[in-house]
There are 2 protein chains.
Amino acid sequence: MQRRQLLDELVSKGIRLTSQRRAVISVIQEAKSHLDAGSLLDLARRLEPSLDRATVYRTIGLLKKLRLIDELDLMHLEGEKHYYEVRTEGDHIHLACFGCGMIQEFTSPLFDRLKEEITRTAGFEIRVARLELGGFCPKCSSRHRGEEEEKTKTSVKH
Amino acid sequence: MQRRQLLDELVSKGIRLTSQRRAVISVIQEAKSHLDAGSLLDLARRLEPSLDRATVYRTIGLLKKLRLIDELDLMHLEGEKHYYEVRTEGDHIHLACFGCGMIQEFTSPLFDRLKEEITRTAGFEIRVARLELGGFCPKCSSRHRGEEEEKTKTSVKH
DNA sequence: AAACTTTCTGCGACTCAGTCGCAAGAACGG
DNA sequence: CCGTTCTTGCGACTGAGTCGCAGAAAGTTT
């Protein structure tokens, strides 16, 4: 039933279901990695060949507004794209490795406590929480030591 | 001496100082709010009228790479821009209000503990930590209740 | 199942942040 | 003040995302 989650949610809100929306939603839900709008379009077009870029963006906008998906930057490791994932129970943290591009997810009760503290202390009503960390995964961490000073003088990427 | 911080940092790394870089750096440092590349260009041009867009982006890239400034999204409240701020001792959290656009900063020992936990547990070497929350500030929080269901059917913005 | 209202889609043109190659110009060590 | 090396401005370009519109579907009504 995990798979009908988003669809049901839309129906219950009285949102019109079209084959295009079904295609986009299906792709987001089956996705094994975080997809950007472009990949989403390519994959969904296999189910609905006439699907247009604009419709993908509009559907993303809709799902974002309904808080059914979350938007991520993943430290802009490869361009200024945005990535999307189905919203889950608890928020999780994304770790992005500058070395190999790996994305890892992480959950912690401390994160929930932190959000709770903010709600309480600042009186802020949290709707979206995005915590992204950039750095080096264990493998790349040992590998990149010593390359620092040089890099400064060469390419200024990211 | 807060004001010479970035400049000194560059000199000590053997980075060449140009009037353009001085202008951009000065603006970032004096800024009272978070500036995007466009505003940065406008303001820095008052000090260095010939300054070009490309140079601003290159300088931002340089400062980012040297980890002297941080890049923020501020929940993309007004377009897909990026915002910049001078890096401070401890990382802080940004709260962005969907209602009035206000940006508030927040610090908490819990945040540091969370990062420490990630470093320890996941073996991840954190270089950049970005925590942004979107929601409603105290004022807007009380004001927007009840407008939810309608919004769904109208404009799909943000 | 036809008719009808409302909402959605594809299209094409557009906007806007950010990038790139290049030739001219500036930094700073000698 | 000279020469090497790095930086800049310029203009053209890329690529994500948006918008208005006319035609096409969704869901409802009879």
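Every chain is numbered from 1, with letters handed out A, B, ... down the list of sequences. Quick caveat: nothing in here was measured; it's all calculated off a predicted structure.
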Rounded to whole Å, how long is the line connecting atom [atom1] of [X] with atom [atom2] of [N]?
{"X": "B:Glu71", "N": "C:dG18", "atom1": "CD", "atom2": "C1'", "answer": "11 Å"}
{"X": "A:Gln20", "N": "D:dG23", "atom1": "CD", "atom2": "C1'", "answer": "13 Å"}
{"X": "A:Asp52", "N": "D:dG23", "atom1": "CG", "atom2": "C1'", "answer": "14 Å"}
{"X": "B:Leu17", "N": "C:dA26", "atom1": "CG", "atom2": "P", "answer": "16 Å"}
{"X": "B:Lys13", "N": "C:dC28", "atom1": "NZ", "atom2": "P", "answer": "17 Å"}
{"X": "B:Lys65", "N": "C:dT19", "atom1": "NZ", "atom2": "P", "answer": "14 Å"}
{"X": "A:Arg53", "N": "C:dA13", "atom1": "CZ", "atom2": "P", "answer": "12 Å"}
{"X": "A:Glu80", "N": "C:dT15", "atom1": "CD", "atom2": "P", "answer": "21 Å"}

For a 4.5 angstrom cut-off between non-hydrogen side-chain atoms, does [X] reach [Y]?
{"X": "A:His82", "Y": "B:Glu80", "result": "yes"}
{"X": "A:Thr18", "Y": "A:Thr55", "result": "no"}
{"X": "A:Leu114", "Y": "B:Ser108", "result": "yes"}

Is there a donor and acceptor pair, one atom on the side chain of [X] and one on the base of [N], closer than 3.5 Å?
{"X": "A:Arg58", "N": "C:dG10", "answer": "yes"}
{"X": "B:Arg16", "N": "D:dT5", "answer": "yes"}
{"X": "B:Arg21", "N": "D:dT7", "answer": "no"}

Side chain A:Glu125, main chain B:Gly135, donor-acceptor under 3.5 Å | no
Out of A:Ile28, A:Asp42, A:Leu43, A:Leu41, which residue meets the side chain to side chain contact (heavy atoms under 4.5 Å, CB included) rule with A:Leu35?
->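 Among the candidates, only A:Leu43 passes.
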Go through C:dA17, D:dA26, D:dG17 for me and flag the one nearest to the A:Thr18 side chain.
-> D:dA26
Of the listed C:dC8, C:dA27, C:dA17, the closest approach to the B:Tyr57 side chain comes from C:dA17
How is A:Ser50 classified with respect to the nucleic acid when contacts are heavy atoms under 4.0 Å: base, sugar-phosphate, or nothing?
-> sugar-phosphate
B:His82 side chain N/O closer than 4.0 Å to the phosphate oxygens (OP1, OP2) of C:dG18?
-> yes
